[in-house]
Amino acid sequence: MPGLPRLAGGIGLLLPRGSKRAAIWLAVSSTGLVALLALWCAVDALGSFGVIGVGFTPIDLSFTLGSFGEIDVTAVLRLDGLSALVASLVALVALAVQVYSIAHLARDERYVPYAAQLMLFTGAMLLVVSSADLITLLIGWELMGLCSYLLIGHDRANPAAPAAARNAL
C-alpha cells in the first residue's frame with residue numbers, strides 16, 4: 001500500500017504543469033485504489049477478530065538496506081489488523097483531500113505538483129502506519145516532514161507560507 005501513492009506521486013512530479021486532467025486522474029485513481037485495498041484488508045482483519053469474514057493473516061515484508069560487518073540493517077513493513085484499520089482511515093482521508101483539492105485549487109496553475117506532493121505524503125503516512133521497526137518509522141516520518149514542508153509552502157502568493165513551511169520542517 002505505501003508504494004502505490006509514492007509511485008503515482010513520482011509519476012505526477014514528471015507530468016508537465018499544464019496536464020491538470022492527467023494529474024487529477026492519477027491522484028484520485030491511485031488514492032482510491034489504495035483506499036479500496038486498505039478497506040479490503042481492514043474488513044478482512046475484522047474477520048480475524050470474529051466480527052466478519054474468514055480471518056486475516058498478518059503480512060511481513062523485510063528489506064535489507066545494508067550490511068555493516070555482521071550487522072544487517074533492515075526495514076520491515078507489517079500489515080496486521082490494527083495497521084489495516086489505520087491505513088484505511090489514512091487512505092479515505094487522503095482520497096477526500098484529493099477530491100476536495102480539485103475544486104479548491106481549480107484556478108491554481110501549480111495544481112499538478114501539489115497533487116503529486118499530496119500523493120507522496122499519503123505514501124509516507126502509509127509507510128509510518130505499516131512500519132514494524134524504528135528505521136522504517138524514521139524514514140516514513142522524515143518523508144512526511146519533507147512533504148509537509150512542500151505542501152505548507154505551496155501557496156507562494158501568501159507571504160506567510162514560506163515561514164510556516166520552515167517552521168513545520
Side-chain angles (χ1 to χ4, degrees), residues 1-15 23 26-45 48 56-101 105 110-156 161-169:
M1 276 187 287
L4 182 61
R6 290 193 333 241
L7 176 65
I11 293 170
L13 288 175
L14 298 175
L15 291 174
L26 183 65
V28 173
S29 64
S30 66
T31 309
L33 184 61
V34 168
L36 287 174
L37 180 62
L39 283 171
W40 176 66
C41 290
V43 167
D44 203 17
S48 67
F56 182 77
T57 304
I59 302 166
D60 287 322
L61 295 172
S62 178
F63 306 97
T64 302
L65 299 176
S67 295
F68 301 99
E70 296 179 13
I71 299 173
D72 289 335
V73 178
T74 60
V76 182
L77 299 176
R78 180 171 179 84
L79 184 64
D80 57 6
L82 181 60
S83 63
L85 290 172
V86 176
S88 65
L89 292 173
V90 167
L92 287 173
V93 169
L95 180 61
V97 171
Q98 286 285 12
V99 170
Y100 175 78
S101 296
L105 298 173
R110 296 192 63 245
Y111 173 81
V112 174
Y114 168 83
Q117 292 161 4
L118 192 55
M119 286 184 282
L120 291 171
F121 182 85
T122 303
M125 189 174 288
L126 288 170
L127 185 63
V128 167
V129 167
S130 62
S131 65
D133 63 357
L134 288 176
I135 292 174
T136 312
L137 179 70
L138 178 66
I139 291 169
W141 191 263
E142 292 301 323
L143 288 172
M144 275 180 34
L146 177 64
C147 293
S148 294
Y149 170 79
L150 294 171
L151 289 168
I152 292 169
H154 172 76
D155 187 10
R156 297 199 177 142
R166 280 191 303 277
N167 285 340
L169 188 60

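FYI, side chains are in, hydrogens and waters are out, and symmetry mates aren't considered; it's all heavy atoms of this structure. For this chain, numbers begin at 1 and follow the sequence in order.
- Ser101 meets the side-chain hydrogen bond (donor to acceptor under 3.5 Å, both in side chains) test with Tyr114; sequence neighbours excluded.
- Residues that satisfy the side-chain hydrogen bond (donor to acceptor under 3.5 Å, both in side chains) test with Ser30, not counting sequence neighbours, are absent from this structure.
- When all heavy atoms are compared, the tightest approach of Pro2 to Ser130 is CG-OG, 3.5 Å.
- Within the model, atoms OG of Ser29 and CG of Leu4 stand 8.0 Å from one another, a figure rounded to the nearest 0.5 Å.
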Chi angles and distances behind the side chain to side chain contact (heavy atoms under 4.5 Å, CB included) call for Leu143, Leu138: CA-CA 8 Å; Leu143 288 172; Leu138 178 66; over 6 Å; no

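- Closest heavy-atom contact between Met144 and Met125: SD-CA, 3.5 Å.
- Partner of Leu39 under the side-chain contact (heavy atoms from CB on, under 4.5 Å) criterion, chosen from Leu92, Leu85, Val34: Leu92.
- To the nearest 0.5 Å, atoms OG1 (Thr31) and CG (Leu36) are separated by 11.0 Å.
- One distance of note links CG of Leu120 with CG of Leu146; it measures 8.5 Å at 0.5 Å rounding.
- Shown here are the side-chain hydrogen bond (donor to acceptor under 3.5 Å, both in side chains) partners of Asn167, two or more places apart in sequence or in another chain: there are none.
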Steps toward side chain to side chain contact (heavy atoms under 4.5 Å, CB included) verdict (Ile11, Leu7): CA-CA 6 Å; Ile11 293 170; Leu7 176 65; 4.2 Å; yes

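- Between Tyr111 and Ala23, the shortest heavy-atom distance links the atoms CE2-CB, 4.2 Å.
- A side-chain donor-acceptor contact under 3.5 Å links Thr136 to the backbone of Val76.
- Taken to the nearest 0.5 Å, the CG atom of Leu151 stands 5.5 Å off from the CD atom of Gln117.
- Atom CE of Met119 is separated from atom CG of Leu13 by 7.5 Å, given to the nearest 0.5 angstrom.
- Listed by chain and number, the residues in a ring pair (Phe, Tyr, Trp, His ring centres under 6.0 Å) with Tyr100 are His104 (sequence neighbours excluded).
- For the side-chain contact (heavy atoms from CB on, under 4.5 Å) test with Phe63, the passing option among Thr74, Leu77, Val73 is Leu77; the others fail.
- Applying the side-chain hydrogen bond (donor to acceptor under 3.5 Å, both in side chains) test to every pair with at least one member in residues 82-95, sequence neighbours left out, gives these pairs: Asp80-Ser83.
- How far CG of Leu126 is from OG of Ser131: 11.0 Å, rounded to the nearest 0.5 Å.
- Screening residues 58-73 for salt bridge (Lys or Arg N to Asp or Glu O under 4.0 Å) gives Asp60-Arg78 as the qualifying pairs, with residues at least two apart or on separate chains.
- Counting all heavy atoms, side chain and backbone alike, Val28 lies closest to Leu95 at O-CD1, 3.8 Å.
- Considering every non-hydrogen atom in both Thr122 and Ala94, the closest pair reads OG1-CB, 3.4 Å.
- Other residues, nucleotides and ligands contribute more than 12 heavy atoms inside 6.0 Å of the CG atom of Leu14.
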Worked verdict on Leu127 versus Arg6 for side chain to side chain contact (heavy atoms under 4.5 Å, CB included): CA-CA 10 Å; Leu127 185 63; Arg6 290 193 333 241; 3.9 Å; yes

